[in-house]
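Source: prediction; values computed, not measured. One is the number of the first residue; the rest follow in order along the sequence.
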Amino acid sequence: MCEIKIVKKASQTDLEEQNVTSWPVWTKETSEFPWKYEQTETCYFLEGEVVVTPKGGRPVEIEKGDLVTFPKGMECSWVIRKPVRKHYTFED
């Protein structure tokens, strides 16, 4: 099973090493939707509160300050509890 990797309350050093502030920003209102990752995504949550549940896995809570990596091929459902604003980048 694919695993979501989370660095809770990522440090400034973590963010600078990956040049996070140069990544685009994605926003989304409170909502629920299914998703499949065609590429590995790494993102840094500037705002929001989300529960992501991988298919066949356990729910993972993500919030402001978390640096998260979603693996390529993962199918999941998103429940956005508080509107999201995040930096993101994709890799193969």
* **Smallest separation among heavy atoms of Tyr88 and Val25, with atom names** =>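 For Tyr88 and Val25, the tightest heavy-atom pair comes out as CE2-C, 3.8 Å.
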
* Distance-minimising heavy-atom pair for Cys43 and Phe70 ->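 Between these two residues, the closest heavy atoms are SG-CE1, 3.6 Å.
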
* Between Leu67, Val52, Val68, which is the residue that forms a side-chain contact (heavy atoms from CB on, under 4.5 Å) with Ile6? ->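 When Leu67, Val52, Val68 are each tested with Ile6, the side-chain contact (heavy atoms from CB on, under 4.5 Å) holds only for Val68.
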
* Report whether Trp23 and Val7 are members of the same hydrophobic cluster (ILVMFWY, side-chain heavy atoms less than 4.5 Å apart, transitive linking). =>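 Yes, Trp23 and Val7 fall within the same hydrophobic cluster.
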
* To do: Spell out, yes or no, whether Met74 and Val60 are grouped together once hydrophobic residues are joined by side-chain heavy atoms under 4.5 Å, including indirect joins.
  =>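 Linked, Met74 and Val60 end up in one cluster.
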
* To do: Would you please test Leu46 and His87 for side chain to side chain contact (heavy atoms under 4.5 Å, CB included) and show each step?
  => CA-CA 7 Å; Leu46 298 162; His87 284 292; 3.7 Å; yes

* salt bridge (charged side-chain N to carboxylate O under 4.0 Å, His left out) with Lys64: which residues, sequence neighbours excluded? ->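 Once residues adjacent in sequence are excluded, Lys64 has no partner under the salt bridge (charged side-chain N to carboxylate O under 4.0 Å, His left out) criterion.
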
* With sequence neighbours left out, what residues match Lys28 under salt bridge (charged side-chain N to carboxylate O under 4.0 Å, His left out)? ->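 Lys28 satisfies salt bridge (charged side-chain N to carboxylate O under 4.0 Å, His left out) with no residue once adjacent residues are dropped.
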
* Asked: Which pairs count as side-chain hydrogen bond (donor to acceptor under 3.5 Å, both in side chains) when at least one residue sits in residues 36-50, sequence neighbours excluded?
  ->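 Sorted result for residues 36-50: Tyr37-Trp78, Gln39-Asp92, Glu41-Lys86, Thr42-Thr69, Glu47-Arg85.
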
What distance do [X] atom [atom1] and [Y] atom [atom2] have between them, rounded to the nearest 0.5 Å?
| X | Y | atom1 | atom2 | value |
| --- | --- | --- | --- | --- |
| Cys76 | Lys55 | SG | NZ | 11.0 Å |
| Ile4 | Arg58 | CD1 | CZ | 13.5 Å |
| Thr30 | Arg81 | OG1 | CZ | 11.0 Å |

* Asked: Hey, are the side chains of Phe33 and Ile80 touching, using non-hydrogen atoms and a 4.5 Å cut-off?
  ->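 In short, these two side chains touch, coming nearer than 4.5 Å.
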
* To do: Sort and list the pairs that fulfil salt bridge (charged side-chain N to carboxylate O under 4.0 Å, His left out) and have at least one residue in residues 5-19, not counting sequence neighbours.
  =>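 Non-adjacent pairs meeting salt bridge (charged side-chain N to carboxylate O under 4.0 Å, His left out): Lys8-Asp66, Lys9-Glu63.
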
* Asked: What pairs with Thr13 under side chain to side chain donor-acceptor pair (under 3.5 Å), at least two apart in sequence or on another chain?
  ->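 So Thr13 forms no side chain to side chain donor-acceptor pair (under 3.5 Å) with any residue.
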
* Under the side chain to side chain contact (heavy atoms under 4.5 Å, CB included) rule, what do Val50 and Val84 come out as? Steps first, then yes or no, please. => CA-CA 8 Å; Val50 177; Val84 167; 3.3 Å; yes

* To do: Assess whether atom CH2 of Trp35 is packed by more than 12 heavy atoms of other residues, nucleotides or ligands within 6.0 Å.
  =>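 Not more than 12 within 6.0 Å, no.
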
* To do: For Pro59, check side chain to side chain contact (heavy atoms under 4.5 Å, CB included) against everything at least two apart and list the hits.
  =>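 In terms of side chain to side chain contact (heavy atoms under 4.5 Å, CB included), with neighbours along the sequence ignored, Pro59 is linked to Val51, Thr53.
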
